[in-house]
Amino acid sequence: MAEPLLRVEGLVRRFGGIVATDHVSLDVAQGELHAIIGPNGAGKTTLISQLTGHLPPNAGSISLGGLDITYLPAHRRCALGLARSFQITSLLLDFTAADNVALAAQAHAGTSFRFFADARRERGLREAAHAALDRVGLSHRADIVVSRLSHGERRELELAVALASRPKILLLDEPMAGLGATESQRMVKLLQELRKEVSIVLVEHDMEAVFALADRISVLVYGRLIASGDPAAIRQNEEVRRAYLGDQHVVTRHG
Amino acid sequence: MLLVVEQFLNGLQFGLLLFLLAAGLTLVFGIMDLVNLAHGSLYMMGAYFAATFAAWTGSFLLGALLALGATLLLGIVLEVTALRPLYGRDHLDHVLATFGLILFFNEAVRLIWGPAGLALPLPAWLTVPVPILSGIYYPAYRLAIIAVALVVALLLYVGVMRTRIGMLIRAGASNREMIGALGINIKLLYTLVFGLGAALAGLAGLMQAPILTVQIGMGENILILAFVIIVIGGIGSIRGAFLAAIFVGMIDTMGRAFLPNLLRQVLSSTAASTAAPALSSMLIYLLMAIVLVVRPEGLFPANRR
Amino acid sequence: MSKAFSASRAVTALMLAGLLLLPLYSQLSGNLFILTLFTRIVILALAAASLNLIMGYGGMTSFGHAAYLGIGGYAVGILAQEGIGSGFVQWPVALAASAIYALVIGALSLRTRGVYFIMITLAFAQMAYYVASGLARYGGDDGLTVYKRSAFAGLVDLSNRVQFYYLCLACLLGVIALIWRIVNSRFGLVVQGLRSNEQRMQAIGFPAGRYRLVCFVISGTMCGLAGALLANNTDFVSPAVMYWTRSGDLMVMVILGGMGTLFGPVIGAVVYLVLEELLSQVTEYWALIMGPLLLVIVLFGRGGIMGLLGRLDRG
Ligand SMILES: Nc1ncnc2c1ncn2[C@@H]1O[C@H](COP(=O)(O)OP(=O)(O)OP(=O)(O)O)[C@@H](O)[C@H]1O
Ligand SMILES: [Mg+2]
């Protein structure tokens with residue numbers, strides 16, 4: 001088997017007494033859509049944040065395309081092709097949608113130590129921004145300031161921003177959180193398209209979406225990876241059923 | 001030897017005064033999340049009150065006690081009228097609003113007491129030199145400052161660490177919502193904490209008053225030292241403020257006392273006497289710079305958020 | 001948004017016209033004092049505009065900006081005393097010294113955020129103040145008289161009040177034009193993005209520290225220019241120009257006029273200093289009114305004068 005795109009080995013992260021990531025190892029293959037599921041507080045966001053460099057792990061290693069990135073800062077990882085969306089929308093609220101996306105494109109279009117030329121008039125950046133907005137169906141809202149966008153639109157914009165940095169791998173933390181039924185459907189369709197172009201790590205509570213989309217599913221409970229396999233195998237897995245699928249809303253947190 | 005002991009005690013005394021000022025500042029910041037530049041004004045007011053009341057009553061001690069009460073009261077009034085609306089606002093707003101208060105206080109003092117400074121003379125029993133080691137004497141008043149400040153520091157420590165109200169204060173520092181949910185009157189708690197901080201600043205001011213002259217703007221330079229202390233000690237931490245204050249007081253005093261001689265050993269005497277004053281006043285800022293490089297959160301960051 | 005007429009534009013245009021025509025008025029009316037006052041206002045407006053670059057656009061609340069006024073001023077004063085009177089030497093030195101100070105202080109203080117940053121910039125500026133007080137050779141506490149203003153090979157005569165005023169105004173407008181280019185450039189968007197949401201900016205690949213530091217240095221250098229002008233204006237430089245209340249004044253000007261707007265700091269400087277002048281004519285105790293006024297502005301004046309005008313436009 002070829003070298004996986006993303007490899008996580010023995011990752012550990014503690015918060016005081018809580019072990020939020022407990023010796024997690026997993027691989028994401030090139031072109032794969034790898035879903036990570038688990039009850040609230042299982043450590044999914046914590047895991048994503050370590051992958052993107054927003055949170056340093058206590059132990060273990062992360063490599064991207066064979067390169068050890070465990071201790072690289074977030075911005076370097078992004079340059080290497082790792083992009084994320086945030087569970088709690090994190091955008092530049094006082095910038096327009098197009099500006100948000102164009103900045104992501106700018107980060108990948110040479111130096112930003114340019115002090116005189118008007119960046120909003122740079123054709124290349126604007127086109128890249130509009131292309132990404134188009135992908136998520138937001139081009140008609142390009143010039144709206146983010147603070148005036150609806151929640152659903154902001155979720156889509158998160159995705160556009162991630163896409164604009166032309167990533168090798170997308171880490172999506174609950175892209176459907178808080179979306180209505182039709183918005184969710186749109187998002188699923190969008191992910192279905194995107195997965196053809198880019199590897200995706202998808203954290204999601206919407207089981208229907210996860211089982212429809214994923215090539216592989218990993219299950220986190222209390223920071224531990226209790227199972228990893230294709231959707232059919234996960235559906236069958238006794239431990240998973242007991243810990244999670246059977247009673248989705250029982251486990252909230254521990255400690 | 002004599003000089004070293006004397007300067008050591010001077011450093012300790014200055015450090016303890018700084019602690020009184022910094023403690024109030026760090027408490028108010030830690031608990032109310034309020035940056036109060038006017039803290040130095042309260043220090044100044046403490047000194048002016050003491051000079052005035054001592055002159056009225058003819059007694060230093062009585063004057064000091066009255067001044068303490070007056071700054072406490074002033075702090076409470078200030079909190080209720082001017083600062084309350086600032087809670088929860090941007091820190092920049094705090095800085096500007098309390099900057100305005102400094103202008104106000106300085107001007108009010110000029111209006112009431114005039115532009116010239118006041119003196120707060122000591123009673124005779126506090127001016128005698130006290131033998132502390134064989135053949136070494138130290139002014140009784142400075143010893144008294146050390147004693148009072150140490151007692152206050154101890155009370156503060158016990159108060160914050162061991163009592164119920166101290167628990168509330170610490171809870172407030174780490175979890176504002178929780179303490180509100182417990183049905184504790186946050187407004188009152190804030191007012192009391194601010195009053196306490198004001199009284200501490202006033203105490204520092206009135207104790208310093210007999211050593212320096214009482215004048216407009218006397219609280220400003222020392223306020224910046226208190227900032228340095230908080231940065232070094234870690235915002236919101238009483239223990240950090242204490243250790244950093246002693247440290248800064250020592251370094252500043254010792255630096256001024258001994259740096260010129262040290263420099264003279266390595267530089268020509270004219271170069272040394274030119275460089276020494278500038279260098280010795282830079283020392284504590286260099287210290288702060290070093291702490292920033294090593295521990296940007298300060299030496300003893302309070303566990304908040 | 002793209003309305004041709006708006007209150008904020010009208011006020012800005014009026015103010016600029018006023019600043020341009022001021023020497024004329026001063027000559028015609030024989031009121032020389034107003035020219036002196038406005039020369040000072042223009043210089044401090046330049047300082048405020050430079051502060052606005054980091055504070056308004058970059059979200060870095062520096063409470064030590066007056067340090068650059070002193071550094072720029074002392075560069076001019078010290079060189080003049082040492083017999084180097086050419087502005088072509090003095091001014092570049094003033095800018096370079098400010099830039100170096102900003103680089104060192106910025107590298108240290110940008111390791112922190114929020115209140116720490118405020119306190120640390122304040123503390124370092126105070127250090128600069130004490131260092132200047134300790135410069136016995138250059139007047140120490142008493143300051144340093146600049147006996148001859150910077151010479152520019154006969155191009156401009158800084159001793160001519162009108163010429164000097166226009167030089168200051170040209171510097172101000174030049175710096176504002178520069179800031180205008182910067183905030184719309186790639187670099188400027190990154191800096192403003194960092195103010196808005198640092199986490200997001202890092203996630204899309206921007207190292208925050210580097211951009212902030214460069215912005216901090218640009219701002220400090222601009223303010224160093226104001227320092228060089230100020231020393232020429234007063235023929236004198238002393239530690240007092242670096243005193244922390246001066247940094248506070250600059251912050252007030254920026255907030256009063258409107259943070260993060262191009263001309264806000266200029267309007268703020270004009271209003272603040274004119275108000276100070278008027279109040280001090282009415283009463284010796286003007287700060288008694290000014291202080292509480294600041295409190296009121298903070299509490300009720302969101303966005304400063306520019307913000308107010310903006311709300312007016314939107315009706
Ligand atoms: N910054 C932090 N400090 C302390 N504890 C934290 C922190 N972040 C997360 N935790 C704890 O780590 C555990 C895992 O949290 P995490 O947010 O990663 O869970 P999650 O799987 O993303 O949950 P959800 O489905 O609700 O998003 C939880 O117990 C949480 O309380
Ligand atoms: Mg999560």
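The figures here come from the full heavy-atom set of this structure, side chains too, leaving out hydrogens, waters and symmetry mates. The sequence lines fix the lettering, A, B, ..., with proteins before strands; numbering per chain opens at 1.
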### Task
Against chain C, label B/Val231 side chain, backbone, both or neither, depending on which of its atoms sit under 4.5 Å from a heavy atom there.
both
#### Entry: Test log, rule side-chain contact (heavy atoms from CB on, under 4.5 Å), inputs B/Met288 and C/Leu108
CA-CA 10 Å; B/Met288 180 179 80; C/Leu108 287 169; over 6 Å; no
### Summary
Between the CD atom in C/Glu276 and the CG atom in B/Leu103, the distance rounded to the nearest 0.5 Å is 9.0 Å
### Message
Looking at every non-hydrogen atom in both residues, tell me the closest pair between C/Tyr116 and B/Gly234 and how far apart they are.
### Response
OH-CA, 3.4 Å
## Note on the structure
OG1 of C/Thr245 to CG of B/Asn106, rounded to nearest 0.5 Å, is 9.0 Å
### Query
Any chance CZ of C/Arg210 has more than 12 other-residue heavy atoms, nucleotides or ligands included, within less than 6.0 Å?
no
### Task
Find the distance between CD (C/Gln126) and CD (B/Glu220) and round it off to the nearest 0.5 Å.
9.0 Å
### Segment of C/Tyr243 engaging chain B (4.5 angstrom heavy-atom cut-off)
side chain
### Query
Which atom pair, heavy atoms only, marks the closest approach of B/Ala97 to C/Val298?
N-CG2, 3.9 Å
### Message
So for B/Leu223, is it side chain, backbone, both, or neither that comes closer than 4.5 Å to the heavy atoms of chain C?
### Response
side chain
### Message
At a heavy-atom distance under 4.5 Å, which candidate from C/Ser133, C/Ala136, C/Gly248 has the highest pair count against chain B?
### Response
C/Gly248
## Note on the structure
Most heavy-atom pairs under 4.5 Å with chain B, out of C/Arg137, C/Met259, C/Glu284, belong to C/Glu284
### Query
Is there a side-chain contact between B/His91 and C/Thr61 (heavy atoms, below 4.5 Å)?
no
### Query
Taking all non-hydrogen atoms of both residues, which atom of B/Ala289 and which atom of C/Phe124 are closest, and how far apart?
CB-CZ, 3.8 Å
#### Entry: Steps toward side-chain contact (heavy atoms from CB on, under 4.5 Å) verdict (C/Tyr130, B/Ile284)
CA-CA 12 Å; C/Tyr130 283 124; B/Ile284 54 163; over 6 Å; no
### Query
Hey, which of B/Asn221, B/Leu286, B/Leu225 has the most heavy atom pairs under 4.5 Å with chain C?
B/Asn221
### Selection from B/Leu292, B/Ile102, B/Leu279 maximising heavy-atom pairs under 4.5 Å formed with chain C
B/Leu292
### Message
Working to the nearest 0.5 angstrom, can you tell me the gap between B/Glu107 CD and C/Met290 CE?
### Response
11.5 Å
### Value rounded to 0.5 Å, distance of CG in B/Leu37 from CG in C/Leu122
7.5 Å
### Query
Is it the side chain or the backbone of B/Ile224 that comes within 4.5 Å of chain C heavy atoms, both, or neither?
side chain
#### Entry: Nearest-0.5 Å distance that lies between atom CD1 in C/Ile297 and atom CG in B/Asp93
12.0 Å
## Note on the structure
Checked B/Val35, B/Leu111, B/Val228 vs chain C; the most non-hydrogen pairs under 4.5 Å come from B/Leu111
## Note on the structure
Assert top hit (heavy-atom pairs under 4.5 Å, partner chain B, pool C/Leu294, C/Val131, C/Leu288) equals C/Leu288
### Query
Which of the residues C/Ala128, C/Gly291, C/Ala132, C/Gly134 is involved in the greatest number of heavy-atom pairs with chain B at under 4.5 angstrom?
C/Gly291
